[in-house]
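Okay, structure first, notes after.
Per chain, numbering begins at 1; letters A, B, ... match sequence-line order.
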Number of protein chains: 2
Amino acid sequence: MALSHAILSALTERPCSGYDLAKQFDGSVGFFWHASHQQIYRELTKLEQQGLVTAEAVPQEGRPDKKLYQVTEAGQALLRDWIAQPSKGSPLKDELLVKLFVGYLVPPETAIAMLQQERSHHAATLEEYQAIEQRYFAKPAAMTPAGQFQYITLRNGIHYETAWLTWCDETLATLRSMNQGQGE
Amino acid sequence: MALSHAILSALTERPCSGYDLAKQFDGSVGFFWHASHQQIYRELTKLEQQGLVTAEAVPQEGRPDKKLYQVTEAGQALLRDWIAQPSKGSPLKDELLVKLFVGYLVPPETAIAMLQQERSHHAATLEEYQAIEQRYFAKPAAMTPAGQFQYITLRNGIHYETAWLTWCDETLATLRSMNQGQGE
DNA sequence: AGCGAATATGCAAATAGTTGACTATTCACA
DNA sequence: TGTGAATAGTCAACTATTTGCATATTCGCT
């Protein structure tokens with residue numbers, strides 16, 4: 001199932017501890033997948049039992065010892081096969097859109113405030129992505145294939161956030177004109 | 001939790017049977033929420049026990065009898081309160097992006113084929129949305145508030161699909177140039 | 001010394017979601 | 001008459017996810 005694949009993908013990109021993996025899922029991987037740390041550890045145990053990853057205890061200084069996880073050959077082969085299979089679509093679940101579906105139940109000011117909040121959240125995320133783009137992907141043509149594929153996922157995020165902002169602006173304009181229409 | 005809210009929203013828009021509700025979740029509501037019909041019936045039972053919806057048996061001719069569900073005053077009040085609360089963000093889970101994160105594991109031709117398939121899927125969805133827009137929302141300014149809010153959600157879908165298409169085209173161009181770069 | 005934060009890991013219960021299977025009614029068609 | 005499709009609904013087992021909680025180490029600060 002997809003969490004195992006997401007974990008294998010993240011570890012293929014960079015072997016790391018369970019803790020760091022969870023931080024990846026809060027960070028860069030979190031844009032296109034997410035999981036709680038409890039889930040991640042649970043899945044890592046399974047993957048290890050299946051021989052798809054190895055766990056190696058690494059003593060550290062100044063911090064607790066950690067377990068370094070890396071993908072085995074079998075793990076990578078499984079990932080390769082999975083990549084080549086048709087992807088399942090990703091059905092959306094968006095609370096804001098559910099709310100807007102019956103947005104007429106609340107005053108327009110409420111809806112407007114909701115959209116403004118949503119807009120500022122997406123604007124902040126877009127800025128974050130653009131900062132990453134500038135910092136790490138300033139010269140895409142000069143990057144390794146691995147880097148280029150990572151950039152591709154970042155570009156998806158940038159398009160996504162841009163589309164949300166465009167829609168927020170359009171919707172705010174609509175709501176404001178509805179509000180004025182009702183003020184008469 | 002959100003499925004109950006999604007059901008209350010759908011029933012507020014139009015009281016209907018469990019079967020029709022499931023069809024709504026396969027159709028228009030399915031763009032921003034989804035649930036299996038088993039889940040829907042289960043949730044309806046709960047909502048009825050909580051006094052948030054009523055179920056009324058309706059005899060029919062030429063088809064089995066049905067249960068018509070509608071939202072109670074309490075249900076609508078709960079929905080109104082929920083709408084006014086801050087929305088939780090909707091973390092994404094996208095299998096294709098996981099695959100592309102480690103896309104270098106497969107030949108570029110495989111990645112290109114993946115993107116082409118994805119592109120055609122999004123193009124078809126966009127066409128569907130645009131057809132709905134033309135058919136039901138040709139004159140947004142002349143619509144009821146309820147209709148306008150529905151149109152707002154449709155517009156989100158249109159922006160979303162458009163962004164995906166743009167990104168697919170951009171990514172296909174990238175992959176093709178990577179493929180040519182490697183062909184040397 | 002104790003506390004909080006960061007690093008590092010893990011268990012368990014409850015809830016949410018998926019999948020499989022099933023029943024019943026009605027209609028249309030071979 | 002039997003079959004398949006559409007309408008209409010239900011039960012159950014399994015998987016995935018969320019939430020709460022916990023342990024341990026190390027560091028820095030009061």
Please report, rounded to the nearest Å, how far the [atom2] atom of [N] is from the [atom1] atom of [X].
X     : N      : atom1 : atom2 : answer
B:Y69 : D:dA8  : OH    : C1'   : 10 Å
A:Y19 : D:dT26 : OH    : C1'   : 12 Å
A:Y41 : D:dG20 : OH    : C1'   : 17 Å
A:H34 : D:dT19 : NE2   : P     : 10 Å
B:L44 : D:dG9  : CG    : C1'   : 11 Å
B:K88 : D:dT18 : NZ    : C1'   : 10 Å
A:L47 : C:dG10 : CG    : P     : 13 Å
B:K67 : C:dT25 : NZ    : C1'   : 16 Å

So, does the side chain of [X] form a donor-acceptor pair with the base of [N] at under 3.5 Å?
X     : N      : answer
B:R42 : C:dT15 : no
B:H37 : D:dT10 : yes
B:Q38 : C:dG20 : yes

Are there over 12 heavy-atom neighbours, none belonging to B:E127, within less than 6.0 Å of that residue's CD? no
Evaluate whether atom CD of A:Q50 has more than 12 neighbouring non-hydrogen atoms of other residues, nucleotides or ligands under 6.0 angstrom away. yes
Comparing nearest nucleotides in DNA chain C, the 5'-proximal residue of the pair B:D65, A:L68 is A:L68
Kindly write out the residues that satisfy side chain to side chain donor-acceptor pair (under 3.5 Å) with [X], not counting sequence neighbours, or none if the list is empty.
X      : value
A:D65  : none
A:S28  : A:Q24
A:D20  : none
A:E118 : A:H122

Within residues 76-87 of chain B, residues whose heavy atoms come under 4.0 Å of DNA chain D: none
Going by side chain to side chain donor-acceptor pair (under 3.5 Å), name the pairs with one or both residues in residues 72-83 of chain B, residues two or more places apart or in two chains. B:H5-B:W82
Does anything in residues 10-18 of chain A reach DNA chain C, meaning a heavy atom under 4.0 Å, and if so which residues? A:S17, A:G18
Sorted by number, residues from residues 49-63 of chain A placing a heavy atom under 4.0 Å from DNA chain C are A:Q60, A:R63
Among the nucleotides D:dT18, C:dG10, C:dA24, whichever has the atom closest to the side chain of A:Q39 is D:dT18
B:S4-B:K46 side chain donor-acceptor pair, cut-off 3.5 Å: no
Kindly write out the residues that satisfy ring-ring contact (aromatic ring centres under 6.0 Å, His included) with B:F25, not counting sequence neighbours, or none if the list is empty. none
Checking B:E109 now: which residues fulfil side chain to side chain contact (heavy atoms under 4.5 Å, CB included) with it, not counting sequence neighbours? B:P107, B:N179
In a table with atom names and distances, give each donor-acceptor pair under 3.5 Å that connects a side chain of residues 131-154 of chain A to protein atoms at least two apart or in another chain.
residue : atom : partner : partner atom : Å
A:E133  : OE2  : A:Y151  : OH           : 2.5
A:E133  : OE2  : A:R155  : NH1          : 2.9
A:T144  : OG1  : A:G147  : N            : 3.0
A:Q148  : NE2  : A:P140  : O            : 2.9
A:Q150  : NE2  : A:E13   : OE2          : 3.0
A:T153  : OG1  : A:Q150  : O            : 2.7

Relative to the 5' end of DNA chain D, which residue comes earlier, B:K93 or B:K23, by the nucleotide with the nearest heavy atom? B:K23
Under the salt bridge (Lys or Arg N to Asp or Glu O under 4.0 Å) definition, can you give me all pairs with a residue in residues 47-61 of chain A, not counting sequence neighbours? none
